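So the structure is just underneath, and the comments pick up after that.
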Amino acid sequence: MSPPAIIAPSILSADFAELGKACSDTIAQGADWLHVDIMDGHFVPNMTFGAPVVTKIRSHVDRPTGAYGKGTFDCHMMISEPKRWVRDFQKAGCDLYCFHYEAAVDSTAADSPAGTSSAKTSPKELIRFIHENGMQAGIAVKPKTSVDVLWDILDNPEEVERPDMVLVMTVEPGFGGQSFMASELPKVTELRKRYPELPIEVDGGLSEKTIDQAADAGANVIVAGSAVFGAADPGDVIKKLREAVDGRRGKL
Ligand SMILES: O=C(CO)[C@@H](O)[C@H](O)COP(=O)(O)O
């Protein structure tokens, strides 16, 4: 059976002037995780914030008691040098460090302090490094990246080098409020067929209007920014997203 729904509102759509309160309110309204979008202005054409802000908002939400637990900080690293920031984000309170496949394999990444450069770091090595630093590891793919690049990584016999979650982007990363790309769902279908128990996250354009398609494909970790933070009743939206996913468990 596919894993249960995990609803992870993206705080990119929250009021940044009240970010700590937005985080605690959203968890109180029924969210499981908080999806924390980290953008460097290089890997994506937008910037958000770094580890110091994560440290501050972390104190507004109780830490999860186990893997995938309530209060998980799911940090989506839209950055060119994912290895460089692993230790900083672990110290800041990140629980799940989700890097982009495209950034890990891009050997044109800028120079970094010794031992921290992402250049020539394979996804497998990076996953191992994230695990060694006490976090769960996620791997994300942009819309133009084929899901075929993931089979070798997911089938790795070395458990410490296998990701705990795959994130399939359903928009081009960089901004909230974009239209959902249903064209990305065959990736989710294929992942769910091969890995019945793998947490599969979808991110971008998820709402009450698009959740049924994503849930039918087999996604169980649902990121929603504008749909949650723009709602009159965020708790009701979170509940409906959860019902759509959990209603399909056992039928996929
Ligand atoms: O990673 C991103 C954007 O790059 C997302 O997390 C968005 O923040 C989701 O926002 P909505 O599409 O749900 O408004």
Side-chain angles (χ1 to χ4, degrees), residues 5-16 19 22-23 26-27 29-50 53-54 57 72-80 82 85 89 94-104 138-145 165-185 187-188 199-215 217 219-242 244-245:
I6 292 173
I7 310 302
S10 163
I11 61 170
L12 186 62
S13 295
D15 178 355
F16 273 25
L19 208 45
C23 290
T26 307
I27 291 291
Q29 285 155 352
D32 300 290
W33 295 0
L34 291 172
H35 184 83
V36 182
D37 285 314
I38 307 298
M39 306 185 188
D40 65 356
H42 183 228
F43 183 74
V44 288
N46 196 6
M47 295 172 81
T48 54
F49 49 79
V53 172
V54 175
I57 60 176
T72 288
F73 266 40
D74 163 29
C75 294
H76 177 192
M77 308 305 292
M78 288 167 272
I79 61 174
S80 293
W85 301 103
F89 275 78
C94 168
D95 304 292
L96 193 162
Y97 189 97
C98 184
F99 66 93
H100 267 267
Y101 169 84
E102 301 85 357
I139 186 163
V141 286
K142 287 184 183 185
K144 289 189 185 70
T145 302
M165 183 186 80
V166 169
L167 163 54
V168 174
M169 289 304 297
T170 45
V171 296
E172 283 296 340
F175 299 92
Q178 301 183 74
S179 297
F180 179 71
M181 296 169 69
S183 58
E184 299 311 295
L185 291 179
K187 294 179 183 176
V188 177
I200 302 174
E201 182 172 61
V202 282
D203 179 10
L206 273 303
S207 69
E208 289 172 64
K209 288 190 184 137
T210 55
I211 187 63
D212 287 346
Q213 299 170 69
N220 76 298
V221 185
I222 310 300
V223 177
S226 45
V228 169
F229 287 98
D233 184 350
D236 187 54
V237 176
I238 291 168
K239 183 167 163 276
K240 288 186 172 134
L241 296 175
R242 185 189 308 288
V245 173

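Note that ligands are numbered from 1 as they come in the structure, with each ligand's atoms numbered from 1 the same way. Just so you know, residue 1 is the first one in the sequence shown, and it goes up from there. Owing to the predicted nature of the structure, the values given are computational and were not obtained by experimental measurement.
- Leu96 has its side chain within reach of Trp33: a pair of non-hydrogen atoms, C-beta onward, lies under 4.5 Å apart.
- Remark: Asp236 pairs with Lys240 by the side-chain hydrogen bond (donor to acceptor under 3.5 Å, both in side chains) rule, at least two apart or across chains.
- Applying the ring-ring contact (aromatic ring centres under 6.0 Å, His included) test to His35 and every residue at least two apart in sequence or in another chain returns His76.
- Each of Ser10, Leu12, His35, Asp37, Met39, His76, Met78, Met169, Pro173, Gly174, Phe175, Gly176, Gly177, Asp203, Gly204, Gly205, Val223, Ala224, Gly225, Ser226 has a non-hydrogen atom positioned under 4.0 Å from some atom of ligand 1.
- Asp37 places no side-chain N or O within 3.5 Å of a backbone atom of Ser10 that could act as its donor or acceptor partner.
- Considering all non-hydrogen atoms of both residues, Val171 and Gly205 come closest at CG1-N, 4.0 Å.
- Residues passing the side-chain contact (heavy atoms from CB on, under 4.5 Å) test with Val44, sequence neighbours excluded: Met39, Met78, Pro173.
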